[in-house]
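Just so we're clear, the structure is a prediction, and the values are computed from it rather than from any experiment. Chain letters run A, B, ... following the sequence lines, proteins first and then strands; every chain starts at 1.
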Amino acid sequence: MKPDGFAGTLLAWYRQARRKLPWRQTSDPYAILVSEFMLQQTRVSVVEPYFRRFLKRFPDAASLAAATDAELLAHWAGLGYYSRARNLRQAAEAIAASGFPRSSEALRRLPGVGEYTAAAVASIAFGEPVPAVDGNVLRVMARVTNDAGEIAVPATRKRLAAEAAVRLDASHAGDFNQALMELGATICLPRNPQCLLCPVLGHCEARACGTQDSLPVKASRSTAIRQEVSLVVVKRGTDLLLRQRDRDAGRLAGFWELPSPGDLPGNPALRPLGTFRHAITRYQYTVTVSSAVLRTTPAGWAWVSAGALPDLPITTMTRKALALAHSPLC
DNA sequence: AATGCGGGGAC
DNA sequence: GTCCCAGCATT
């Protein structure tokens, strides 16, 4: 590998610029797998505390395989994309039973492990020379090769992945992949790339052409969908009226949720407490929170002690609603 | 090829 | 407000 080629220059930069992240302090494949699951569509800064807490509680595949559903979700609550947690536990069950898969091909068979995650774990944990192509790498390679193809199109992604593969330093695959991602996360940013700080500035065709700010090309996005949601906080002493969603409900399965007015029998009086906004992907919710007093317990609903809430899987929207209800008003 | 899936941070 | 993040599974 030529030290002044693309990979050599990138690796030299990475070795002095790399952030000290918790999953970079270990060579345990299980820990690396956990980090990659959490990092799917989730920023490094968000994952860090979750990762530490999760590994403290589930230090190995066997302990995770034995976790209860509630405790698993409680440790994931707030991270989003909760099917990741279930897939990760299923993967842990397979690992506890049959050992850790040592190739990207074998990793790919684990639930929740796609092309990227398989390549990332195989290269970082085992040095397998495969490119790990995430959003960062697509952006970096689109600029380095001045590729004006639309980033969501499979043909474009294949082309950019091939460009990454050509530049891969096979004897340092893990560091090379992490270096490309690190570059995308800290220098080659989606907006306002810091080209003057870039170690591979001289290898970048977009920079040479002045097109770096308009790459990668992305399809126009559909507009936001606005919806109104009403939630009711019903108290009985220090207990709250909650319901746990079905374990096999596709969406937010196993999470505890607050009732809506339609869930309450007898059309009780609602006392408005306030509103807040909550956005998930393309949906923007205006959430109205009220309180109500109830004499009976609706079928399917339960009284949960407020003190038990921290240990239960609760979505961020529910958390916000409860926080509003526990403001000085109540 | 399109869509669902959470949430948050940067601008 | 919009964008986009160390994506994956399903249709």
- prompt: Does any donor-acceptor pair link the side chain of Thr42(A) with the base of dG6(B) at a separation under 3.5 Å?
  reply: yes
- prompt: Does the dG7(C) base have a donor-acceptor partner in the side chain of Tyr116(A) within less than 3.5 Å?
  reply: no
statement: By nearest-nucleotide position on DNA chain B, the 5'-leaning member of Gln40(A) and Leu189(A) is Gln40(A)
- line: The residue, Tyr81(A) or Val153(A), whose nearest nucleotide of DNA chain B is more 5′ is Val153(A)
Whole-Å gap separating [atom2] ([N]) and [atom1] ([X]):
{"X": "Met317(A)", "N": "dG7(B)", "atom1": "CE", "atom2": "P", "answer": "8 Å"}
{"X": "Glu36(A)", "N": "dG7(C)", "atom1": "CD", "atom2": "P", "answer": "9 Å"}
{"X": "Leu39(A)", "N": "dG8(B)", "atom1": "CG", "atom2": "P", "answer": "16 Å"}
{"X": "Gln41(A)", "N": "dC5(C)", "atom1": "CD", "atom2": "P", "answer": "7 Å"}
{"X": "Arg43(A)", "N": "dG6(B)", "atom1": "CZ", "atom2": "P", "answer": "18 Å"}
{"X": "Arg24(A)", "N": "dA6(C)", "atom1": "CZ", "atom2": "C1'", "answer": "9 Å"}

message: Could you tell me if Arg84(A) and Asn87(A) have a donor-acceptor pair between their side chains, going purely by distance under 3.5 Å?
response: no
task: State whether a side-chain donor-acceptor pair under 3.5 Å links Asn146(A) with Thr211(A).
output: yes
task: Name the nucleic acid region contacted by Leu252(A), choosing base, sugar-phosphate or nothing; use a 4.0 angstrom heavy-atom cut-off, strictly under.
output: sugar-phosphate
- prompt: Base, sugar-phosphate, or nothing: which does Trp23(A) touch, judged by heavy atoms less than 4.0 Å apart?
  reply: base
message: Under 4.0 Å between a side-chain nitrogen and a carboxylate oxygen: does that hold for Glu163(A) and Arg159(A)?
response: no
task: Please tell me which of the listed nucleotides, dC11(B), dA6(C), dC5(C), lies nearest to the side chain of Val44(A)?
output: dA6(C)
